Amino acid sequence: MRWFQLLLLGSALLLENATALKYEVTGTRKGVPIPKEQIKFAPYQFGRSKNNGPGAVQPAPTKIKKKRANPISSSANWCGAVNHSPTTNKIKSIHSFWQVPGCTKRTGQTYPQAAAVWIGIDGNTWPSALLQSGTVCKIDTSTSATRHEAWWQWVPDTAFTISTMPLAVGDWIEVTINTTSDTAATIKFDNVSQDEQVIVNVTSGPTLARKDADWVVERPYYGSSLAGFPRFDTTWFEDSYATRTTGGNLGILGATQYQIPSLCNSTEYDNANSVSFSL
Ligand SMILES: *[C@@H]1O[C@H](CO)[C@@H](O)[C@H](O)[C@H]1NC(C)=O
Ligand SMILES: *[C@@H]1O[C@H](CO)[C@@H](O)[C@H](O)[C@H]1NC(C)=O
Ligand SMILES: *[C@@H]1O[C@H](CO)[C@@H](O)[C@H](O)[C@H]1NC(C)=O
Ligand SMILES: *[C@@H]1O[C@H](CO)[C@@H](O)[C@H](O)[C@H]1NC(C)=O
């Protein structure tokens, strides 16, 4: 799977990689527009600090009806649900809610350690592009400090951290990615707990097929090797759905449930809720 580069990127490399990407950013806080200078992106990297305490235990959603048995597949770094739509009915938008999970170091894993929770379009059966946004916890090698960040990426372009939107364990996050074509989309990242949202309007990005809908907890790459995978609080993806261009929402029913053997399991509950948990 292609995923964002946890590289210590310099801005030169960032610009070089950002070939087709054109975007503008807006935001609101409690319904009031946030001045542009108060919304900042940074290259996605380790290094900034926002220390959070031990993770809060996430309550299971109340909407659970029934555990189902979707097909299971293994991955080296993806854990979660991936569903598909035919190219005759392209995915238009994808949506989910979750709470920022607490993370703790996992012994026997390399450092730094990181676990990213995200939703996205493509990257599975369409590996040349992936539009994704979510949260990530990162445990620093030398200090063991844990940071939680909001981020977005249009692979193969580089990832951005929304550096003016620090997150805390337990925050409710709502992400909506809304495409208007194969190369344009808005990403709405909403801190529901705080009623603060940032909208990235990408008017030119790498071409999507819009056929994979992804709700994922990922063990990301750090440079060219996988980061260590920490333990994380059970993560519920709630109200998970993808809308489609000619109608009929796609849910989690029938999605492939990816597992990272011995590290992470994923289970479907009903057509809108799935769960990923550390092994
Ligand atoms: C998000 O909401 C939580 C409250 O639950 C708050 O602690 C955190 O600072 C908020 N983040 C931003 C950027 O508003
Ligand atoms: C997606 O974008 C379309 C066109 O701009 C808009 O009408 C619609 O409300 C948006 N949907 C969401 C969920 O943001
Ligand atoms: C995104 O930007 C384009 C170009 O400025 C504009 O036409 C479009 O309405 C914007 N979309 C949203 C959802 O703001
Ligand atoms: C979770 O992982 C364990 C150990 O790999 C496996 O035995 C079990 O069947 C998995 N559960 C689910 C729901 O996939």
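Since the structure is predicted, the reported quantities are computational estimates derived from the model, not experimental observations. Ligands are counted one by one from 1 in listed order, and the atoms in each one are counted from 1 as well.
- Listed by number with element, the atoms of ligand 3 under 4.0 angstrom from any heavy atom of Thr203 are 2 (O), 3 (C), 4 (C).
- The residue Ile199 has no part lying near ligand 3, judged by heavy-atom distances below 4.0 Å.
- An N or O contact shorter than 3.5 Å links Asn201 to ligand 3 by distance.
- Ligand-side atoms of ligand 3 in range of Thr186: 13 (C), range being under 4.0 angstrom from any heavy atom.
- Counting only N and O atoms by type, the side chains of Asp212 and Thr125 include a donor and acceptor under 3.5 Å apart.
- Within the model, atoms CD of Gln113 and CG of Leu226 stand 12.5 Å from one another, a figure rounded to the nearest 0.5 Å.
- Under 3.5 Å, the side chains of Lys105 and Ser144 contain a donor-acceptor pair of N or O atoms.
- Side-chain heavy atoms closer than 4.5 Å link hydrophobic residues (I, L, V, M, F, W, Y) into clusters, and following such links, even through other members, never connects Leu250 to Trp126.
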